Amino acid sequence: LQLVESGGGLVQPGGSLRLSCAASGVTFVYHTIAWFRQAPGKEREGIAYITASGSTIDYADSVKGRFTISRDNAKNTVYLQMNSLKPEDTAVYYCAADPRSVDLLIGDYDYWGQGTQVTVSS
């Protein structure tokens with residue numbers, strides 16, 4: 001399973017971006033997909049995940065109410081809609097996949113993308 005993130009960029013505070021995580025491989029539909037981010041000098045943190053069927057979704061407190069994760073299994077793609085962005089959201093955003101995870105623990109995810117940079121600045 002290979003993952004490719006896109007959609008990052010520079011946005012002003014209060015703005016929005018939508019990230020995409022495109023997967024190759026027929027097993028995508030059986031995987032939980034999560035988004036993580038890593039800011040300069042900080043540890044990577046999990047911010048959202050969605051299970052294979054989409055029946056279970058959870059968010060980190062830092063993004064709850066502002067970010068929305070969704071998936072389109074027909075397109076092998078997971079999205080992260082980010083609204084009301086803040087400078088502290090600046091980070092490299094990664095998507096990750098695992099067939100069993102229902103959490104945001106880095107060590108539980110076997111497949112990772114290369115990341116996309118999100119910068120929130122005026």
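Please read all numbers here as calculations on a predicted model, not as lab measurements.
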Could you go step by step and tell me if Y93 and E5 meet the side chain to side chain contact (heavy atoms under 4.5 Å, CB included) rule?
-> CA-CA 8 Å; Y93 283 71; E5 303 93 337; over 6 Å; no
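- Contact between E45 and S62 at its shortest, heavy atoms only, is OE1-OG, 4.1 Å.
- Checking side-chain atoms of S55 against main-chain N and O of S53 turns up no donor-acceptor pair under 3.5 Å.
- No side-chain donor-acceptor contact under 3.5 Å links Q2 to the backbone of S24.
- Distance check, rounded to the nearest 0.5 Å: OG of S70 to CZ of R18 gives 7.0 Å.
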Pairs of donor and acceptor atoms involving the side chains of residues 115-122, under 3.5 Å and at least two apart or interchain, shall be tabulated with distances.
from : atom 1 : to   : atom 2 : distance (Å)
T116 : OG1    : G8   : N      : 3.2
Q117 : NE2    : A91  : O      : 3.4
Q117 : NE2    : T119 : OG1    : 3.4

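- Connection of I47 to Y49 is not established within any shared hydrophobic cluster, with ILVMFWY side chains joined at heavy-atom distances below 4.5 Å, either directly or through further cluster members.
- Within 6.0 Å of the CD atom in Q81, the count of heavy atoms belonging to other residues, nucleotides or ligands exceeds 12.
- Residues V29 and I50 fall within the same hydrophobic cluster, defined by Ile, Leu, Val, Met, Phe, Trp and Tyr side chains chained together at heavy-atom separations under 4.5 Å.
- Contacts classified as side-chain hydrogen bond (donor to acceptor under 3.5 Å, both in side chains) and involving residues 101-115 (residues at least two apart or in different chains) are given here: D98-S101.
- Formation of a donor-acceptor pair under 3.5 Å by the R71 side chain with backbone atoms of T51 is found in this model.
- Remark: K64 NZ is packed, more than 12 non-hydrogen atoms of other residues, nucleotides or ligands lying under 6.0 Å away.
- In terms of heavy-atom proximity, I69 sits nearest to W35 at CD1-CD1, 3.6 Å.
- Residues V63 and Y94 do not share a hydrophobic cluster, defined by chaining ILVMFWY side chains whose heavy atoms lie under 4.5 Å apart.
- Contact between L104 and F36 at its shortest, heavy atoms only, is O-CE2, 3.7 Å.
- Looking at every heavy atom in both residues, T68 comes nearest to Y59 through CA-OH, 3.3 Å.
- With contacts defined as side-chain heavy-atom distances shorter than 4.5 Å, the pair T77/F28 does not qualify.
- Looking at every heavy atom in both residues, A97 comes nearest to I33 through CB-CD1, 3.5 Å.
- Residues L3 and A23 come closest through the heavy atom pair CD2-CB, 3.6 Å.
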Any chance you could lay out the side chain to side chain contact (heavy atoms under 4.5 Å, CB included) test for F67 and L85, step after step, and finish with the verdict?
-> CA-CA 9 Å; F67 291 11; L85 283 161; 3.8 Å; yes
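- One hydrophobic cluster, built from ILVMFWY side chains closer than 4.5 Å, cannot hold both Y79 and M82; they sit in different ones.
- A distance-only check finds a donor-acceptor pair linking the side chain of N73 to the backbone of A52 [under 3.5 Å].
- Grouping the Ile, Leu, Val, Met, Phe, Trp and Tyr side chains by contacts below 4.5 angstrom, directly or via other members, places L1 with V78.
- Counting heavy atoms of neighbouring residues, nucleotides and ligands inside a 6.0 Å radius, atom CD of E43 does not exceed 12 of them.
- One distance of note links CD of Q38 with CD1 of I106; it measures 7.5 Å at 0.5 Å rounding.
- Side-chain contact check for P99 versus Y30: every heavy-atom pair is 4.5 Å or farther apart.
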